[in-house]
Amino acid sequence: MAERRSGIDYYGVAVLLILWELAPRLGWIDSQFFPAPSAIFAEGAKLWADGTLVLHITVSLKRTFLGLLGATALAVPLGFVLGGWFPRFTRFLSPLLNLFGQINAFSLFPLFVLFFGIGELAKFSIIFWSCLWPILFTTIAGVQGVEPLFIKLARSMGGGRGALLVKVLIPGALPSIFTGVRIGATVAFLMLIAAEMIGASSGLGWLVHNSSVNYIIPRLYLAALLIALLGTMLNYSLHWLENHLIHWKTS
Amino acid sequence: MPTRAFVSPWSLSRWLDRSSLLLFFAAWELAPRAGGLLETFIAPPSVVLMTLWELLLSGELCDHVTISLGRAIAGFTGAALIALPLGFLLGGNFRTFERIVTPVLRFLGQVNPFSLFPLFIILFGISELSKEAMIFWVCIWPILFNTITGVKGIDPLLVKSARSMGTGVVPLFFKVILPAASPGIFTGLKMGAGTAFFMLIAAEMIGASCGLGWLVWNAQINFQIPKLFAATVVISVLGMILNMLLVTLERRLLGWLDSSPNH
Amino acid sequence: MAGVVDVPQQIQTDAKIVVKAITSVFHLKKTRTEPAREFIALKEINLEVKKGEFLVLVGPSGCGKSTLLDILTGLAQPTSGAVYIDGNKVTGPALDRGIVLQGYALFPWRTVRQNVEFGLEIKKVPKRERRAISDNFIHLVGLDGFADRFPHELSGGMKQRVAIARALAYDPEVLLMDEPFAAVDAQTRESLQDELLRIWEATGKTILFVTHSIEEAVFLGDRVAVLTPNPGTLREIVKIDLPRPRHNSDTRSSAEFGWIRRKIWELLQNAPHESRHHLNAVPVAEAISPTASL
């Protein structure tokens, strides 16, 4: 958030970690259900050493990025074409697009499994589907929200369609598109974990599911923490990218 | 533009506005009739409606809807009951404490609910409680964070001017702080309710023996295509109704706000 | 409609800009069912601007001055009549006319320099040359040292200077300015006016300046064209004989200044009587200016 955070603010994290470490050791809580951070860390070190951890992380990240990239590659150009060149057609389509955007992506998962089987394609398609709508909607809104004065000015200088697109519409719509990509990435990661829990043989979601089935509680915690960390990092890196690409924005 | 002069009359244009939906449903109805794979995998709307009618008559649909809604409401209410008072305390009275716990809370809020679901199952078994705990977890964070932001964002001048008129603590809370923080609170409740329903379906797919999510998943496993489509339609429609209800409620309650489309 | 009247592609003239019998009609509807109503934004406007002249169009909002400027830019087509630059009919926007708009319209994602170079990029001027030109014009408007700032880091007056530099950079012979100083505070406005006159004298451009401030019109212009609304008609062209170079400090205090100001004010007050009944229709006309859409 906008507030500046100092070292003091992270005391909370430290205190929590210490309490969590002590509680199972002192018998306050059942260490079977709440393993201490050290136990989780040990489990992590073990999986790291035999390489499985890296494998699951890369698999999950790869799936997320593939879905996100695929959705972006389709939604952004489509949004420009719809929002910029065919405003009437967009108006005509908008109830349908809204309908698709509102449908709970999870309820479609069985359908996707039905169509594409339980393999990679089903996972790709669910992520693709759930990223597609936020990116498409924000792109259309971004293109249509470009200040008309800018367009008027560029046209008054005799700028053609190409110049208008490259020099005015794309930079003008970029902040809005980025919001869509960020929302998409968050949703994608969430979907991925669920999809991996339902049907996969690798990935962090599978790790959670597998640990719970085999009752390996520290590994379950490890996977859950890793997913949270990865989600946070994904979010931060997109923020970072946004700030570097759109540095001209006022705070 | 000259074309503006020829806009069709209101009622007709309204139909035209919806025509893409009509076209979509028509395509959906006709596609399976083409035979082949489409016929195997897609149930046309007419069949879906019939299946829905049968499910309704047998009482099956009602049972699943009631169960799903019951879970969602239980988890949501529990989350609101805890998050609202906590949000007011953290945002209003204990600012320093709030600063210290916020990073922890933020991280917890980032924890993917799905990765916790197996844990809830281990802790609570495949009972109602595990599903409710999941919804509770999903709802509590948006409500809490938005309440804190809402309370912290109250213009101090409002409080000051109310105080100067000799307002006591209780009226101050109900007449100034609560309404001033209500937009933030409502945003949180809305986000919570929206995600609650969304997550519930997933949770029911992963670990449940009844409810709408289970109905969808079970239909898929047993290759009952019409039932699968019917359940998907019910979930989508319920989600949209929920959305519409929330928007209407927000308009009613927060009509005094500048209506900006990006809320 | 009336556009079928044949207008010559070229005319013989010494004037830089010739506005010939321009009429512009909009079809308005308040609701979707109501039949379209004609609104005459401009009626039979005739105007000539000499090379190097500073001509000001003054009039209340709704007199069609922005529409006229859009037609001059080439962004809008008149219902009948034509505009000629150097005797050639205007058919669309081009870089022979620079434009400065009311709301600055600086691209927020471009630095001061990149904004100034915008027209040069469209003209496909090589990078090195662009840089020399933008340096020159950034210096001319007194913004040395701000070249790499983004618009949100500038004050209103500075933004307007950038907009002027941007319009001058691709070296148009005509500068069209649509209420450029309307958004800045009074003091900044006066210094920008002084600055504009200095730039005009230094560059020798032909300027057509639109404003609703009588005072601004009298201070800046060689001649002031007074427009009255409903329908937008050219009421009179007033010649301003105030000596140049003018400065805000002394020009405004002269008796002659006050006299001309008074005269223009009376011209605007004694507009044909029917106009007042239609005043409510005016903002609509401005809003549907055909250039507003993409």
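So you know, we letter chains A, B, ... as the sequences are listed, proteins then strands, and number each from 1.
Counting heavy atoms of neighbouring residues, nucleotides and ligands inside a 6.0 Å radius, atom NZ of C/K159 exceeds 12 of them. Shown here is A/F115, whose CZ atom has more than 12 heavy atoms of other residues, nucleotides or ligands within 6.0 Å.
Heavy-atom distances place the backbone of C/L106, and not its side chain, under 4.5 Å from chain A. The parts of C/I99 that come within reach of chain A are both its backbone and its side chain, each placing non-hydrogen atoms under 4.5 angstrom from that chain.
In this structure, OH on C/Y170 lies 4.0 Å from CE on A/M157, to the nearest 0.5 angstrom. Taken to the nearest 0.5 Å, the CG atom of C/L101 stands 6.5 Å off from the OG atom of A/S156.
Counting only heavy atoms from C-beta outward, the side chains of A/K152 and C/D70 approach each other to under 4.5 Å.
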>> With side chain to side chain contact (heavy atoms under 4.5 Å, CB included) as the criterion, how do C/R166 and A/L153 come out once you've worked through the C-alpha distance, each side chain's angles and the decisive distance to 0.1 Å?
In response: CA-CA 11 Å; C/R166 177 175 60 187; A/L153 191 102; 3.2 Å; yes
Donor-acceptor contacts, no H, no angles, side chain residues 140-149 of chain A, under 3.5 Å, sequence neighbours left out:
{"unit_1": "A/E147", "atom_1": "OE2", "unit_2": "A/L149", "atom_2": "N", "d": "3.4"}

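Between C/W109 and A/F150, the two ring planes are perpendicular [angle over 60°; tilted spans 30° to 60°].
Counting heavy-atom pairs closer than 4.5 Å to chain A, the top residue among C/R97, C/E121, C/K123 is C/E121. Interface remark: of the candidates A/A154, A/P171, A/P87, A/P171 forms the most heavy-atom pairs closer than 4.5 Å to chain C.
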